Number of protein chains: 2
Amino acid sequence: MAQAIRLQQVSPLKASCNQCSLSNLCLPLAIEENDLDSLEDIVQQGRIYNRGEHIFDQSTPVRSCFAVKSGSVKTSIITEGGEEQVTGFFMPGELVGLDSMSGETYACTARALERTSVCEFPVEKLEELTGRLPELQHHMYRMMSQEIQNSHQLAMLLSKNTAEERIAALLLSLSSRFRRRRMSATNFSLPMARNDIANFLGLAVETVSRVFTRFQNQGIIRARGREVELLDVDALQLVTRDFARQGQ
Amino acid sequence: MAQAIRLQQVSPLKASCNQCSLSNLCLPLAIEENDLDSLEDIVQQGRIYNRGEHIFDQSTPVRSCFAVKSGSVKTSIITEGGEEQVTGFFMPGELVGLDSMSGETYACTARALERTSVCEFPVEKLEELTGRLPELQHHMYRMMSQEIQNSHQLAMLLSKNTAEERIAALLLSLSSRFRRRRMSATNFSLPMARNDIANFLGLAVETVSRVFTRFQNQGIIRARGREVELLDVDALQLVTRDFARQGQ
DNA sequence: CGGATCCTTGAAATGTTTCAAGCCTCGTGG
DNA sequence: CCACGAGGCTTGAAACATTTCAAGGATCCG
């Protein structure tokens with residue numbers, strides 16, 4: 001995160017994907033060295049968003065999808081009645097807006113959970129580019145498929161699992177995403193409020209709070225506010241797999 | 001449905017998308033008249049599957065995605081513990097397997113809910129083709145985005161809505177999909193068992209049954225087994241929107 | 001320091017599940 | 001052609017997890 005910001009200060013006007021610390025997570029990973037220029041040509045250095053600021057809004061015309069560079073983003077759908085459903089959390093290196101690719105208007109609203117910088121990929125240019133670079137196209141398909149799978153996984157969590165299982169699963173998901181970024185997988189701070197967690201997991205805030213303290217009393221985690229330490233990852237995995245032990 | 005079958009009897013060996021009654025729903029809709037040949041070249045006429053037969057299996061190598069021609073398909077994920085989560089139902093003109101595009105192995109299992117015929121699109125060939133036809137690529141992106149949105153919608157249903165709201169939403173979804181095919185939107189037979197509905201909506205079978213009878217007692221629907229008649233579509237929409245009335 | 005927001009905790013209320021049983025339906029075999 | 005069996009569907013009553021309501025405590029920031 002600190003690296004990404006520093007990088008931006010060095011070359012604030014032109015994106016340089018090949019120097020980005022996230023190039024092994026983001027779109028560049030799918031591209032040959034000598035095609036990187038084409039990608040850099042279409043990338044727009046996004047501005048920095050403060051906590052709570054909208055990156056794009058549901059029902060407005062689709063312009064771009066975004067890669068998180070530092071910070072974190074939450075996406076949510078607002079129903080006609082004004083209810084919010086959080087559909088995802090996005091960390092550095094992850095792509096936001098795939099559910100709106102090639103649609104007319106954004107299917108969700110994306111908001112910065114903290115001070116966040118993003119790279120912006122205008123969809124028409126991205127489409128044009130993927131038409132020329134099969135590797136990139138392949139990668140896009142794969143990420144969109146992955147997004148569908150993630151959402152199915154969420155649906156499964158929501159429909160079949162208890163509050164404890166859902167929260168354990170979220171903690172483990174976050175943990176592995178921190179690890180991918182070479183950060184501590186057991187000691188991190190949650191970018192989102194309990195409220196967002198509750199909304200995302202289909203629970204009441206109070207339930208989330210109760211489960212956190214229950215986990216804490218069992219010695220599985222330690223939590224003070226948004227600071228979390230996973231003390232017993234195996235136990236967490238046991239909670240989620242619970243029903244999933246085949247023999248035994 | 002009957003039409004699609006008849007068509008297949010006329011030209012059993014080579015697919016002819018331009019004669020297909022579903023061409024306005026399926027991939028051909030994205031393609032210029034004179035590019036249709038390229039699509040027909042890669043389409044494989046799939047065999048006919050009987051009720052319960054597997055079209056593809058989770059964790060086996062990805063070969064193709066499929067368009068339903070007649071009949072219907074359900075997709076589901078099997079957890080390590082053997083639990084099943086139904087992730088979708090697919091009707092004629094709809095694409096199955098988008099969650100596995102460009103992945104190594106299928107992310108779910110697809111089964112025929114009844115006697116079902118499909119068209120098969122080998123993914124490598126499809127990718128190659130979308131690289132050449134921007135319109136088709138655009139359409140693929142759009143359908144995959146749509147699939148993500150559908151799944152988000154499902155997640156929302158599962159996390160925020162009551163049993164009645166979920167079932168009303170499913171009935172309305174089926175209704176509109178029948179209408180798209182120029183079939184009765186109020187009088188149709190469910191392709192899936194109560195069990196599948198329950199699993200899909202994250203409910204117990206008993207609950208599904210109870211809601212069906214409740215709706216029936218309220219005069220909103222009439223149901224005998226899988227035969228369903230929507231007597232009061234407005235009431236159904238009221239059930240789903242319920243919380244979604246903005247003013248009032 | 002004050003106000004707002006976020007988080008936690010308790011007790012009662014509630015919708016859904018679970019368990020249990022009976023019924024209906026459809027396909028099969030006698 | 002009827003009888004049988006199996007699976008699918010329905011219904012009731014008790015059990016349960018989570019929500020809702022209510023209130024207190026912590027934390028952050030101007």
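Everything quoted here is computed from the prediction, not taken from an experiment. Here is how names work: the chains are called A, B, and so on, in the same order as the sequence lines, proteins then strands, and each is numbered from 1. Values below: all heavy atoms of this structure, side chains included; hydrogens, waters and symmetry mates excluded.
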Base-contact (B) and sugar-phosphate-only (S) positions in nucleotides 15-30 of chain D, heavy-atom cut-off under 4.0 Å, - elsewhere: ---SBBBB--------

Rounded distance (Å) that lies between atom P of C:dT9 and atom CZ of A:Phe215: 15 Å

Between P on C:dT17 and CG on B:Leu201, what's the gap in Å once rounded to a whole number? 11 Å

If I take atom CD in residue B:Gln216 and atom C1' in nucleotide D:dC9, what distance separates them, rounded to the nearest angstrom? 12 Å

If I compare all heavy atoms of A:Thr240 with all of A:Ala169, which pair ends up nearest, and what's the gap? CG2-N, 3.5 Å

Please state how far atom CG in A:Asp196 lies from atom P in C:dT5, giving the value in whole angstrom units. 15 Å

Any chance you could lay out the side-chain contact (heavy atoms from CB on, under 4.5 Å) test for A:Phe212 and A:Arg194, step after step, and finish with the verdict? CA-CA 10 Å; A:Phe212 266 82; A:Arg194 297 281 189 279; 4.2 Å; yes

Rounded to whole Å, how long is the line connecting atom CG of B:Asn195 with atom C1' of D:dT10? 13 Å

In whole angstroms, how far is the P atom of C:dT16 from the CD1 atom of B:Ile197? 16 Å

Whole-Å distance separating the CG atom of A:Asn217 from the P atom of C:dT9: 8 Å

Is the shortest side-chain N/O distance from B:Thr213 to OP1 or OP2 of D:dT11 below 4.0 Å? yes

To the nearest 0.5 Å, atom CG of A:Leu230 lies from atom CD of A:Gln237 at 10.0 Å

In this structure, how many angstroms lie between the P atom of C:dT16 and the CD atom of B:Glu165, rounded? 9 Å

side-chain hydrogen bond (donor to acceptor under 3.5 Å, both in side chains) partner of A:Arg222, chosen from A:Glu229, A:Gln216, A:Glu227: A:Glu229

Could you pull out the closest heavy-atom pair between A:Ala110 and A:Val73, with the gap in Å? CB-CG1, 4.0 Å

Would you say B:Ser117's side chain and B:Lys69's backbone share a donor-acceptor pair under 3.5 angstrom? no

